[in-house]
Student: 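One structure follows; several queries about it will come next.
Counting starts at 1 for both ligands and their atoms, following the listed order. As the structure is a computational prediction, the values presented were derived from the model and not from experiment. We're numbering straight along the sequence, starting at 1.
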Amino acid sequence: MIGAARIHLPMWWAGLTAAARLAGAGFRAWRGGNLAALLGGSAGQREVFTVLRAFAPNIRLQRRFVTAYENTGTAIVTRRSEVTEVLEREADFAVVYEPKMRAITAGENFFLGMQDSVAYQRDVSLMRLAARRDDVARLVLPFVAEEAARIVAAAPGRLDVPDALTRRVPARIVMRYFGLPTENEDRLIEQATLMFWYLFVDLKGEESVSVPALQAAAEARAWIDGCIAARQGTPDAAEDVLARCLALQAAGMPGTDDLAIRNNLIGLVIGLIPTLSKAAVQALSQLLDRPEALAAAQAAARAGDDVRLAEIVFEALRFDPVNPMIYRRATRDVEIARGTRRALKIPAGTMVLAANLSAMFDPMAMEEPEAFRPGRPWGDYMLWGYGMHACFGAQINRAVVPAMLKPLLARGGLRRAEGEAGRIDGRTPFPAHMTVLFDAA
Ligand code: HEM
């Protein structure tokens, strides 16, 4: 009882002070015509979640915030216990992406758009055989380390991080490790980003997003078809994802015809490029705002202490993760947090926003959540989903995000470029520019 009060009272106080700050900042932002920017950034979102966790942790609203997918209203859950409950109850809270996945593939669904089923388990299992966990240390990481080091070494003390580094390296993972070469790296980056935007970020169903994304999808399908055709019938010993898919096909595994291989690869390409880049840029940006944490990350990078470096980078990402929320739709009338004072009935068709950003700041589940404390138990982090659909690339992410930043962090005098150039360019949901300066080697 006393223990619970020790957490509840500060949580309520934090909720009240956050509400007061939000009211003040909201008023200033409203006067400055910039309310969207206030709530669009992770700092503003964290304030809103602090208030909700304290006073209305699970709420249901008539309003449909997501209009890109059919639904009857919105629920928002902010405590870690309900965020995990929603994402664990896969039969009651379903993924909604199927129609857009089918538009991307011009046919079949991709496993992120499927509920638990024979097709889901088959496709995930096949892709795990093709993109293996031990590939990360053996193939992906050495390649990433080399590419990132080369890019930073060639930069004359000034680097536009997403444009020159964090978008390039993932695109090259696709070309090399996936076995999907292209002459046009820029267009590959653009295609994956447009498709990701359409699938996961465009909650309103805007034509300005869907038209270029579907054009990109048509190009990506033709490109991957071409890659498959080029390798078809000439079995090789290459250790890449496409070679392994073709070996599974040759072995007669179900779910491995050319079309299925293409659809699975297109899903992985979309999941890989914009996310890895955004994660690295946002983590770096958080570090640049925290001199002590930046110094610790730089010391770890210089000492080659990869474990410590990763702890610091992912603690930074906790403050501004790639996805602050994960959405699902209730398949039937359900109740969450049953038997507690937070219990909430959710009617079928409700879009449920499970706020993973909020879960990572929930004082009921985390020790000193507001403190920047690298080395938290890994299970405290919810940086790329949870439950059945938790990120397929989780092991890649854990290795690649810090590895892309390592050679940059190892440089002395690392700092933002002057003015806006040194800030994340927020014109699209994906950082396109953020320039840093550092001492020449
Ligand atoms: C830091 C980088 C990344 C972030 C932040 C991220 C984020 C996420 C999130 C939030 C989900 C769950 C979506 C949901 O439940 O609705 C997810 C699933 C997924 N991600 Fe990632 N992702 C990243 C990197 C990658 C990479 C590198 C790949 C490919 C190798 C990838 C492929 C996938 C796939 C295929 C799924 C669906 C898994 C399933 O349905 O079982 N992602 N990711």
Student: Strictly by salt bridge (Lys or Arg N to Asp or Glu O under 4.0 Å), give each pair with a member in residues 283-296 just once, sequence neighbours left out.
Tutor: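 Of all non-adjacent pairs touching residues 283-296, those that pass salt bridge (Lys or Arg N to Asp or Glu O under 4.0 Å) are Asp289-Arg416, Asp289-Arg423.
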
Student: Would the His389 and Tyr97 ring centres measure less than 6.0 Å apart?
Tutor: no

Student: Which residue pairs pass the salt bridge (Lys or Arg N to Asp or Glu O under 4.0 Å) test with at least one member in residues 245-261, sequence neighbours excluded?
Tutor: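 Of all non-adjacent pairs touching residues 245-261, none passes salt bridge (Lys or Arg N to Asp or Glu O under 4.0 Å).
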
Student: With a cut-off of under 6.0 Å to the ring centre and 45° to the axis, is Arg46 in cation-pi contact with Phe361?
Tutor: yes

Student: Listing by chain and number, which residues have a heavy atom under 4.0 Å from ligand 1?
Tutor: Tyr97, Phe110, Phe111, Leu112, Tyr120, Leu268, Gly271, Leu272, Thr275, Leu276, Ala279, Val322, Asn323, Ile326, Arg328, Leu383, Trp384, Gly385, Met388, His389, Ala390, Cys391, Phe392, Gly393, Ile396, Asn397

Student: Mind checking what makes side-chain contact (heavy atoms from CB on, under 4.5 Å) contact with Ala103, not counting sequence neighbours?
Tutor: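 For Ala103 the side-chain contact (heavy atoms from CB on, under 4.5 Å) partners, ignoring immediate neighbours, are Tyr198, Leu214.
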
Student: So that I can tick it off, tell me whether Glu315 and Arg373 are bridged by a salt bridge, with the cut-off set at under 4.0 angstrom between side-chain N and carboxylate O.
Tutor: no

